[in-house]
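Because only heavy atoms are used, hydrogens play no part in the values below, and waters and symmetry mates are left out as well, while side chains stay in. Order of the sequence lines sets the chain letters (A, B, ...), proteins ahead of strands, with each chain counted from 1.
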2 protein chains.
Amino acid sequence: MAQDETVWVDDLLAGLDRTGPVPLYFQVSSTLEEAIRSGKLPAGARLENEIALGQRLGLSRPTIRRAIQELVDKGLLVRRRGIGTQVVQGGQVTRQVELTSLYEDLKGSHHEPSTTVLEHDVRPADETTASALGLPPGSDIVYLRRQRSTDKVPVAVLVNYLPMDFADITTQQLEERGLYQIMRNRGVTIRIANQKIGARRAEDDEAELLDLEPGGPVLTMERVAFDASGRAVEFGHHCYRPDMYSFETTLVAK
Amino acid sequence: MAQDETVWVDDLLAGLDRTGPVPLYFQVSSTLEEAIRSGKLPAGARLENEIALGQRLGLSRPTIRRAIQELVDKGLLVRRRGIGTQVVQGGQVTRQVELTSLYEDLKGSHHEPSTTVLEHDVRPADETTASALGLPPGSDIVYLRRQRSTDKVPVAVLVNYLPMDFADITTQQLEERGLYQIMRNRGVTIRIANQKIGARRAEDDEAELLDLEPGGPVLTMERVAFDASGRAVEFGHHCYRPDMYSFETTLVAK
DNA sequence: GAGTGGTCTAGACCACAAC
DNA sequence: TTGTGGTCTAGACCACTCA
């Protein structure tokens, strides 16, 4: 077991790049993460202590600590004072709920997502929407209603409200990419999002769009997203076919 | 605006306690958090830069950085290189989904939670449960089914499976406290949990217990929780009345 | 007592944004 | 050019766990 650790630590040492733009702590943490997910570092394996690890890699202790902390936050490692650092037990290596769109989620899981734009226009915001986006009531906003499918099976009905900066997004763009990717290409990066997940009965048109029995259950998500400057750039409320989609999270106590 | 900052920064300086067990970065971050949530630091307000803040408080830059980072992770502050640190815009100061039980959630929101234990026995684990808890198939486990209400309105039906360490928990204890609190009192602290949130139709007995129409929608959560050593200490699948409960999260891009 | 992680310091250089 | 946060170093002392 100690053997395994030594092996990949040497790999890691060989792979460190001090000239490139990638932070050292990130190089260490991502190599470690790969080793854990691949099983090279099995569940329960103990890491060397932080000082020794640092010396072996030619890094300072704070840098090593930061790398380890990243993985603790992801729920892959557990640290205990006086004991050491261990790989978490069990098969509980789920990926975090990322700040990505459904489109990227589906694409990442080897499915072929497709989008049908149902509605796409400019209209005055109602009170809820204006408040969520931090705009004066009645301001114009971009309204968007899409049906998202994977492998030709409908998964979700997505309703979004966007500030007028995005009025020139075309319907074609929306059918080819995820909303967040379109935004990123325009220099807008989502930084913070508040989500609320719930359930309710499907409306009649939703049931039809999702190929569900009328009044059947749907999973719902409401989200307000903010860019780096803290400006609200998206408000949406979506509903999902519960047999096709669910939300997975890893929580780590602080 | 610069006035406000100066004022509370001085308060903070006065309040720092270097003798006690509370880390300095935590004292700083929690004071800052209080100032933001109370509105003393309004949305959009810019903080002093990290060096100046450190000098004024008599702290090193890494300590200040750590304090600020805590609030960035909570979605209360936004940092931009070359620009500075600002309080996030809008009213989006939701609290994180904490690693707490429903009981504590409800109690924290000024309601009076109550619990009815419906079933409580020891039985062999089925395959799914044994695998989730990392036990050999057929091992004995503690089975638990509870109805949770708030202000006498039913909110959830909770089904839990626990390792045999917890076989001596009494039904009375379960009706008086949350499960996590009982575990904590026995020296077991939840450190990591994997959750999956979804929706489905209510079963007939669930509909009755939750006072719902038969076949109506319920919000579901499945969770496996691990203690500090990485051992699985709880597996559960719960269902919630969607008009009484939902899950709120703040996501922060890394 | 020996070993571990938890905290803290006092510097340094860099990349990026704004003027 | 100036100011900001992002990264990194090389130490230090402490609290906790275990033998």
How would nucleotides 11-19 of chain D be written as a contact map, 5' to 3', with B for base contact, S for sugar-phosphate-only contact and - for no contact, using protein heavy atoms under 4.0 Å?
-> -B--BBSS-
Please name the pair of heavy atoms, one in Ser29(B) and one in Ala67(B), separated by the smallest distance, quoted to 0.1 Å.
-> CB-O, 3.4 Å
For [N], does either OP1 or OP2 sit under 4.0 Å from a side-chain N or O belonging to [X]?
{"X": "Thr63(A)", "N": "dT9(D)", "value": "yes"}
{"X": "Thr85(A)", "N": "dG5(C)", "value": "yes"}
{"X": "Tyr25(A)", "N": "dC8(D)", "value": "no"}

Among [options], which nucleotide sits nearest the side chain of [X]?
{"X": "Ser60(B)", "options": "dT7(D), dA10(C), dT9(D)", "value": "dA10(C)"}
{"X": "Arg46(A)", "options": "dT7(C), dT4(C), dG5(D)", "value": "dT4(C)"}
{"X": "Glu50(B)", "options": "dG5(D), dT7(C), dT9(D)", "value": "dG5(D)"}
{"X": "Arg18(B)", "options": "dG5(D), dC8(C), dG5(C)", "value": "dC8(C)"}
{"X": "Leu24(A)", "options": "dC8(C), dT9(D), dG6(D)", "value": "dT9(D)"}

Without decimals, in angstroms, what is the distance between [X] [atom1] and [N] [atom2]?
{"X": "Arg65(B)", "N": "dT9(C)", "atom1": "CZ", "atom2": "C1'", "result": "15 Å"}
{"X": "Glu48(A)", "N": "dG3(C)", "atom1": "CD", "atom2": "P", "result": "14 Å"}
{"X": "Asn49(B)", "N": "dA17(C)", "atom1": "CG", "atom2": "C1'", "result": "15 Å"}
{"X": "Ile51(B)", "N": "dA10(C)", "atom1": "CD1", "atom2": "C1'", "result": "10 Å"}
{"X": "Leu47(B)", "N": "dG3(D)", "atom1": "CG", "atom2": "P", "result": "18 Å"}
{"X": "Arg66(A)", "N": "dT9(D)", "atom1": "CZ", "atom2": "C1'", "result": "14 Å"}
{"X": "Gln55(A)", "N": "dT4(C)", "atom1": "CD", "atom2": "C1'", "result": "15 Å"}
{"X": "Gln86(A)", "N": "dG5(C)", "atom1": "CD", "atom2": "P", "result": "11 Å"}

Could you check whether the rings of Tyr161(B) and Phe235(B) sit parallel, tilted or perpendicular, using 30° and 60° as the cut-offs?
-> parallel
For Phe226(A), is the NZ or CZ atom of Arg191(A) found under 6.0 angstrom from the centre of its six-membered ring and inside 45 degrees of the ring axis?
-> no
Quick test of your reading of the model: are [X] and [Y] salt-bridged, counting only N-O distances below 4.0 Å?
{"X": "Arg37(A)", "Y": "Glu33(A)", "result": "yes"}
{"X": "Glu50(A)", "Y": "Arg79(A)", "result": "yes"}
{"X": "Asp168(B)", "Y": "Arg186(B)", "result": "yes"}

Flag, side chain of Glu175(A) to backbone of Gln172(A), donor-acceptor distance under 3.5 Å | no
